[in-house]
Amino acid sequence: MLRIEGEELIDDISYSFENGATCTACETILVVLKRLVKANESLFLSTITQICKLAGEDPDACEGAVAREGPIIAYALRQIETGSKTSKLFCITFMGVCDYPAVTPYEVSFPKKASRRPRPVPSKEPPIRFVHFSDIHVDRLYAPGTSTNCTTYLCCRADSISKSPGGSDVPAGPYGDHHCDVPLSLEMSMYRAIEDMGHSFSIFTGDIIDHAIWNTTQAQSTININLAYAEMSSLGHIYGTIGNHEADPVNSFPSTAVGSAPQWVYDTLSSLWSRWIGDEAATAEKNFGAYSAKHPGTNLRIISLNTNLYYIQNYWLYQDPMERDPSGQLSWLVRELQAAEDAADRVYIIGHMPMGLRDAFHDYSNYFDQVVNRYEATIAAMFFGHTHTDELELSYSSSTNRHFSTASAVSYIAPALTPNAGHPSFRVYTIDPATFAVLDSVTYIANMSAPAFQTTGPVWEKYYSAREVYGPLVTPPLEAGDELSPAFWHNVTEAFERDEGAFKGYWGRKRREWEVEECAGGEGECREREVCQMRAARAEDNCVVPKLGFHYERLLEAIPGLVEGREREEDVCGGSMGKRILGALMGRKDLVEVLVGRMMEIEN
Ligand SMILES: *[C@@H]1O[C@H](CO)[C@@H](O)[C@H](O)[C@H]1NC(C)=O
């Protein structure tokens, strides 16, 4: 076997960098990582812990995160073949380099041909309402008076270390802070506000656990999941779904084929959900965290998916080749949708991660999109969270002709309670009581900038109604009782293309007008990219190019000119430390030298 020596490897990686071949550099780093894992896994773990600390991360977070995520990354590294499609996906996720590989074609099979049934016409009977809230990330160690601007991984805790000791730090208020997770006071104030809404049921699209991802335990997460559902129990009927933070370690959802499914979290959730979805639904599919249940006394079926099985930061998925249908969830979904179609039920699909994001594997999103399009007449709407921002994604029956006539499904992405990407929010949908078509989506916020927020407490107010704000943008105008249909929303995206002011309104609402960012690359380009994302419930269509992680500045310093025009990626969803650690290897020659040095030590 030809053994490439250490110096040569370092030269190779540097040469690739200097020539802008970042994907090649990543693939070479991957070779080194694989050799290290193969030679001695514990040495691999101690090496990435060292790299994490050298990269300037919080040392405690490095130790804890590597202990949790490291063995899964090692597992993935063993599965991945150098130069394969999966290795490119690994480089995209961890390092933010390489181009997206093409989707592996796969035709999902269906038991029956598509029905010719059109979307049902709204009944125009008196509407009902339901509530949607998401991403609560309750921090039970939140402590008022502690630092909101800290050097530790999570602020607003007793052990958070202020960036300006004794200086001008803003202490955490009693009701929460934009730089922290959610205190119980803020969580409970939202439930009080929801109680007053007069709603029929709620959907909660996941993420209960705080962002202290380096010291989660199954025992504590089980307690926190139980506590959260007890705290929201005053809301009546709740349809929940499983967030990426519910697992321990975070994002860790091995498929049934990989073996060690996180049964404890599936069992914890299904026992909490059973009071609303029934024992049968709660036990039937609890081996992968999904369920299908009918809302009592109606023909509305809620299908809750575990979309973490399609999440790029679920490192268990990095196989070579990757599984077609992790845990068989898509085949199960097809069976449930077929049963719903046969029974003339209407369906809401709910999940944590929206399927059109850069966070979704393109292949899984493509296969899911085939299912959505096959059952478009049955699916009334889809509801997600995860991004913490207020967004929307559209599915189309034709990928080459995105038009109001081919728009087939709407994914509503609700903004979060967690205030790190805007004011704390929840949403109320007005729906047709017979067809369950969405007639309006009204977002509520508690304005944290209001002077009384930290004294008399959050005041929850109507922020905007989608019908009121976006309805006037389209022709023909919406008639009373008309659905906010996929075609309607497509026409809204066309209005955004025509009318910069209308688009800017959407852009500001995405973050509830809090620290609204400039659109990078000029308004036109930003608008194009956003509209592209809105028309991309199928992830391969979303116009996202891989972006370097938060070590981007360091990379820029190291190799000026290399990454011009590329922005750094924001990751409010909390991701994982693994990505931050391996991402640091891009462009830091000193860190690459540490890595290669360790490998040489063991191989010589
Ligand atoms: C693997 O590395 C660890 C240190 O991280 C060391 O203690 C152990 O002896 C090594 N094992 C082998 C087989 O070399």
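Start at 1 with the first residue, then count along the sequence. Counting convention: from 1, in listed order, for ligands and their atoms alike.
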Q: What residues, two or more places apart in sequence or in another chain, satisfy salt bridge (Lys or Arg N to Asp or Glu O under 4.0 Å) together with Asp267?
A: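 Testing Asp267 for salt bridge (Lys or Arg N to Asp or Glu O under 4.0 Å), a comparison that skips the adjacent residues, returns Lys286.
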Q: Please check if the distance between the ring centroids of His388 and His137 is under 6.0 Å.
A: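 Under 6.0 Å, so yes.
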Q: Under 6.0 Å between ring centres, would you say that holds for Phe361 and Tyr367?
A: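 No - the distance between ring centres of Phe361 and Tyr367 does not fall below the 6.0 Å cut-off.
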Q: List, ordered by chain and residue number, the protein residues whose closest non-hydrogen atom lies under 4.0 Å from any atom of ligand 1.
A: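 Answer by chain and number: Asn40, Ser42, Leu43, Ser46, Ile602.
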Q: Tell me the ring-ring contact (aromatic ring centres under 6.0 Å, His included) pairs involving residues 32-76, sequence neighbours left out?
A: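 Every pair satisfying ring-ring contact (aromatic ring centres under 6.0 Å, His included) with a residue in residues 32-76: Tyr75-Trp316.
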Q: Before we go on, tell me: are the rings of His352 and Tyr311 under 6.0 Å apart, centre to centre?
A: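 Not under 6.0 Å, so no.
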Q: Could you tell me which residues satisfy salt bridge (Lys or Arg N to Asp or Glu O under 4.0 Å) with Asp177, sequence neighbours excluded, listed by chain and number?
A: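 Partners of Asp177 by the salt bridge (Lys or Arg N to Asp or Glu O under 4.0 Å) criterion come out as none, since no residue qualifies.
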